[in-house]
Amino acid sequence: MAPFNVRPDIDAAAEKLSSTFGSKREIQRLPEVLWEGETVEMLATGIYGKGNGLLAMTSMRLIFLKHGVMSQQVEDFPYSKISSVQWSGGMLSGSLIVFASGNKAEIKQIPKADGKDFADRLRSHIATGAVPAAAPAPAGGAQQDVGSRLATLDQLRAAGAITDAEYQDRRTQILNSI
């Protein structure tokens, strides 16, 4: 597969794709929809809404990008808003269903070779991506734990993954756990 020469993280993810059919334009345009400091971890092709596009797992969110000649579609799912993920695979491809903020998004025709790994990594992100509710702090490195939780919370707010109200609520929970 020919290199895309877009950005190192995007190029590395694109090299692992089993097929780039229907997504070459999206790979080239992906930097336009990424936030500052956001990196691409994994890519997959699929059909969502009105056509073929690119599914990107980043350090901050899940993005579906379709960049056609006449229209562009971008939909993103911050990890903190995703409640669950389902993968169902067939002979050659499968469907990834993402439940986020009470909505259901189904991305179809993801190559089977990419889909299961994508779903597993996405589950890992949503399991560790959200700031946990107040829990007893471990003895010893309690201050460091609280500090890292607050830093993660600040990153989520800066990325727009949580609202100011959610930020204040979670910050209060973290501080009350001391």
Side-chain angles (χ1 to χ4, degrees), residues 1 4 6 9-10 12-35 38-133 152-153 155-157 159-163 165-167 169-170:
M1 191 177 311
F4 284 92
V6 177
D9 58 325
I10 296 171
E15 284 178 19
K16 295 176 187 171
L17 283 172
S18 58
S19 170
T20 58
F21 179 75
S23 64
K24 291 177 183 167
R25 183 179 303 149
E26 287 80 4
I27 292 170
Q28 294 291 333
R29 299 290 188 155
L30 189 54
E32 297 171 12
V33 299
L34 295 176
W35 295 334
E38 186 173 23
T39 58
V40 174
E41 299 173 359
M42 190 172 188
L43 298 173
T45 59
I47 298 173
Y48 179 64
K50 297 182 180 180
N52 261 2
L54 183 69
L55 192 59
M57 183 181 307
T58 75
S59 55
M60 299 178 185
R61 60 195 169 138
L62 181 66
I63 302 169
F64 182 82
L65 172 63
K66 180 189 179 318
H67 196 283
V69 176
M70 301 296 284
S71 66
Q72 180 178 352
Q73 175 186 356
V74 178
E75 188 159 348
D76 69 340
F77 307 92
Y79 296 131
S80 64
K81 302 291 184 193
I82 299 174
S83 58
S84 71
V85 176
Q86 292 178 353
W87 166 254
S88 58
M91 289 282 289
L92 300 174
S93 65
S95 295
L96 180 72
I97 301 173
V98 178
F99 295 91
S101 300
N103 295 315
K104 173 182 162 182
E106 184 173 4
I107 299 99
K108 300 176 182 179
Q109 299 297 314
I110 298 174
K112 189 175 179 179
D114 301 329
K116 181 166 182 350
D117 188 34
F118 204 95
D120 289 344
R121 289 183 66 179
L122 183 55
R123 283 185 191 101
S124 176
H125 263 294
I126 64 173
T128 60
V131 176
T152 301
L153 188 61
Q155 290 172 351
L156 289 170
R157 181 173 71 169
I162 60 173
T163 65
E166 290 171 317
Y167 170 83
D169 182 48
R170 291 179 182 183

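FYI, the numbering just counts along the sequence from 1.
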Kindly indicate whether the side chain of [X], heavy atoms from C-beta on, has any atom under 4.5 Å from the side chain of [Y].
| X | Y | value |
| --- | --- | --- |
| I10 | I27 | yes |
| Y79 | M57 | yes |
| L55 | F118 | yes |
| S95 | I107 | no |
| N103 | V98 | no |
| H67 | Q28 | no |
| L65 | L30 | yes |
| T39 | S59 | yes |

In Å and rounded to the nearest 0.5 Å, what is the [atom1] to [atom2] distance from [X] to [Y]?
| X | Y | atom1 | atom2 | result |
| --- | --- | --- | --- | --- |
| I126 | S84 | CD1 | OG | 6.5 Å |
| E41 | M60 | CD | CE | 10.5 Å |
| I47 | K66 | CD1 | NZ | 10.5 Å |

| field | Steps toward side-chain contact (heavy atoms from CB on, under 4.5 Å) verdict (V85, I97) | value | CA-CA 6 Å; V85 176; I97 301 173; over 6 Å; no
Scanning both residues in full, the closest heavy-atom pair of L96 with A119 reads CD1-CB, 3.7 Å
Correct closest heavy-atom pair for L43 and A13 would be CG-CB, 3.7 Å
The side-chain hydrogen bond (donor to acceptor under 3.5 Å, both in side chains) partners of Q72 (sequence neighbours excluded) come to none
Suppose the criterion is salt bridge (Lys or Arg N to Asp or Glu O under 4.0 Å): which pairs have a residue in [range], not counting sequence neighbours?
| range | answer |
| --- | --- |
| residues 82-99 | none |
| residues 96-114 | none |
| residues 22-34 | R29-E32 |
| residues 75-101 | R61-D76, K81-E166 |

Legend entry - Check: D9 side chain, V40 main-chain N or O, donor-acceptor pair, under 3.5 Å: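 Here the side-chain-to-backbone pair exists.
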When you measure from the side chain of S83 to the backbone of A100, do you find a donor-acceptor pair of N or O atoms at a distance under 3.5 Å?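 Checked: no pair found.
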- Task: Kindly indicate, with the supporting measurements, whether the criterion side-chain contact (heavy atoms from CB on, under 4.5 Å) is fulfilled by I110 and W87.
- Result: CA-CA 10 Å; I110 298 174; W87 166 254; 4.1 Å; yes
- Query: Partners of Y48 by ring-ring contact (aromatic ring centres under 6.0 Å, His included), sequence neighbours excluded?
  - Reply: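 Partners of Y48 under the ring-ring contact (aromatic ring centres under 6.0 Å, His included) test: F64.
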(Q) Quick one, I63 with T58, criterion side-chain contact (heavy atoms from CB on, under 4.5 Å). Give me CA distance, side-chain angles, the key distance, then yes/no. (A) CA-CA 8 Å; I63 302 169; T58 75; 3.9 Å; yes
